[in-house]
Amino acid sequence: MIKSKSDPSTTANTMWGGRFAAGPDAIMQAINASIGFDKRLYSQDITASRAHAAMLGATGILQDRDVTAIREGLQTVHEEIERGAFSFSVDLEDIHMNVEARLKDLIGEAAGRLHTARSRNDQVATDFRLWVRGQCDSAIEGIAALMRAFLAQAEAGADWVMPGFTHLQTAQPVTWGHHMLAYVEMLSRDLSRFRDARARMNECPLGAAALAGTSFPIDRAMTAAALGFDRPMANSLDAVSDRDFALEFLSASAITAMHLSRFSEELVIWSSAQFRFVRLSDRFSTGSSIMPQKKNPDAAELLRAKLGRIMGAMVALFTVMKGLPLAYSKDMQEDKEQVFDAADTLMLGLAAMEGMVRDLAANRETLAAAASAGFSTATDLADWLVRELGLPFRQAHHITGRLVALAETQGCDLPDLTLAQMQAECAEIRADVFDVLGVENSVRSRMSYGGTAPDQVRHQVARWKEVLG
Ligand code: ARG
């Protein structure tokens, strides 16, 4: 438990303590300090400071000698942090002040000039944008890798038949490759969402200073270019106060995680003893401590659940931002932990899913047997009645329904009915109807663009191979 401290001798903060007689209460420090988590921004913070210092030198705002000292000092700080030789201090609140204080130890008073023409408000907005931008790149990479894994499955099983479901009831036969490609499509949209978000967030807040810009003759285009941004943000109030880029990242992450959770659920169902559609590799399963026969799809179950965390982060940050007046408010310090956790969760989830998909072994026989169960070619029969006999679809649907009911009472599948039984329902039915009742023929016939026919699947696989390289 944190004790409130009333010791008046506590010293004021050296960074902003000019008008303070005493340091913060211990409870204040505990709620205020962000160094515990924002130290993750050290690299972005130092990179942005270096760009800022170089610009201050180039514009003549700082003397070259100070700029050199700052550059070298920041390099040392970066190395110390990388080596684990840096001691972070809660007294210094956040990463920005921790870095600057260490810089002062190293180079003396010149360190105090680094903060000319900037504020922690534009500093944190810049650092965080850089960090989130990097995570967009990681997400794009992780999603592309997962798409390749699904694509390999699709290519191997372009013509393996399996049941397609609606309402989790057997609907029509589909191909394994087609099912795998459905996820490639979903993931490609996820990937493009991260690309779009990245492009939109790639503007530089640095130089907005506290909120109003600065009276120093800074060159914002120079810092923006040095940090790989397309341009400086055009409104200083907006630059320090919006976190929409983080919300876009979280939204894109939540949608991606939703897709991962859907395939996870399918894996859980498919790997059960009742389905036995797939075998998960030992690498992504666990045993039970009491039931020796068990092999549990833990990774899939966890991935099914992880969306909860990511959506939680998104809702939390929306709630933080809702109703905040311009410009910066300390509320916004609550952005980082949510985004850090969501990003870590997403990257781990993508890697785990990629591993599972690569290792996934489909039980072709079980899939094929299940594909023909449940009267899965009833639609093919109805379509045949329309195509070959010219019946209206509704009537064809009705006749087929009666034949399904008959097969059900006989305890057999549709292709097991005799021609005579069929003709009792519709005298015009001919023997060639049986051609469409087999699942292989059924999937082969679904040649419409985007349909499940193996030829369509191969066509899409070829297209995706070209896109993904
Ligand atoms: N740690 C702060 C944050 O994450 C940095 C900005 C602080 N700015 C300020 N005016 N207190 O938002």
Side-chain angles (χ1 to χ4, degrees), residues 12-20 23-25 27-49 51-52 74 77 81 86 88-103 111-112 114-135 201 204-214 223 227 233 236-247 249-250 313 316-344:
N13 187 296
T14 52
M15 296 288 158
W16 44 251
R19 69 184 290 271
F20 286 74
D25 191 281
I27 293 171
M28 176 56 194
Q29 188 175 67
I31 195 171
N32 191 43
S34 54
I35 188 62
F37 49 86
D38 69 13
K39 59 176 148 205
R40 274 187 86 162
L41 299 176
Y42 76 88
S43 198
Q44 290 75 15
D45 192 70
I46 290 170
T47 303
S49 286
H52 183 65
L74 285 171
V77 176
I81 299 178
F86 188 97
F88 292 98
S89 153
V90 200
D91 291 341
L92 291 163
E93 265 184 60
D94 57 25
I95 185 63
H96 323 297
M97 298 204 292
N98 268 268
V99 169
E100 195 186 313
R102 180 64 187 138
L103 186 64
L114 172 60
H115 215 52
T116 312
R118 80 169 183 193
S119 146
R120 274 189 294 157
N121 296 350
D122 59 338
Q123 199 179 350
V124 74
T126 305
D127 296 359
F128 198 37
R129 245 173 220 262
L130 286 171
W131 194 88
V132 175
R133 188 180 75 182
Q135 295 299 305
M201 78 178 64
C204 188
L206 196 59
L211 77 165
T214 174
T223 38
L227 297 172
M233 291 181 78
S236 60
L237 290 167
D238 174 45
V240 296
S241 75
D242 210 349
R243 292 295 181 267
D244 58 351
F245 65 95
L247 286 168
F249 174 79
L250 292 175
L317 186 55
F318 265 112
T319 313
V320 166
M321 296 307 294
K322 179 196 168 294
L324 268 192
L326 302 188
Y328 177 86
S329 295
K330 196 63 174 261
D331 307 50
M332 282 149 63
Q333 181 167 287
E334 288 291 306
D335 56 3
K336 288 171 225 36
E337 285 167 291
Q338 302 297 341
V339 175
F340 289 161
D341 186 68
D344 291 345

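Counting convention: from 1, in listed order, for ligands and their atoms alike. The structure presented is a predicted model; accordingly, all values stated were derived computationally and were not measured. In this chain, numbering begins with 1 at the start of the sequence shown. No hydrogens, no waters, no symmetry mates; every other heavy atom, side chains included, goes into these values.
- No heavy atom of E93 sits closer than 4.0 Å to any atom of ligand 1.
- Contact check on D344 versus R40 returns a salt bridge, with a Lys/Arg side-chain nitrogen under 4.0 Å from an Asp/Glu carboxylate oxygen.
- Remark: K336 fails to qualify as a cation-pi partner of F37 under the 6.0 Å distance and 45° angle criteria applied to the six-membered ring.
- At a threshold of 4.0 Å, the pair E93-R120 counts as salt-bridged, since one of the basic side-chain nitrogens sits closer than that to a carboxylate oxygen.
- Of the options N32, N121, D122, I35, the smallest heavy-atom separation from atom 9 (C) of ligand 1 is shown by N121.
- Ligand 1 has a nitrogen or oxygen under 3.5 angstrom from a nitrogen or oxygen of Q333.
- Nearest protein neighbour of atom 11 (N) of ligand 1, counting heavy atoms only, is R120 NH2, 3.6 Å.
- Short contacts between ligand 1 and S34, defined as distances under 4.0 Å to a heavy atom of the residue, involve ligand atoms 1 (N).
- Close contacts of ligand 1 with D94, meaning ligand atoms under 4.0 Å from a residue heavy atom, involve 1 (N), 2 (C), 5 (C).
- Classification of the F86-F88 ring pair by plane angle, with boundaries at 30° and 60°, yields tilted.
- Protein heavy atom closest to atom 3 (C) of ligand 1, with residue, atom name and distance, is Y328 OH, 3.2 Å.
- Near K336, the atoms of ligand 1 lying under 4.0 angstrom from a non-hydrogen atom of the residue are 3 (C), 4 (O), 12 (O).
- With hydrogens and angles ignored, the 3.5 Å screen pairs no side-chain donor or acceptor of D331 with any backbone N or O of M321.
- The shortest distance between side-chain heavy atoms of I46 and I81 falls below 4.5 Å.
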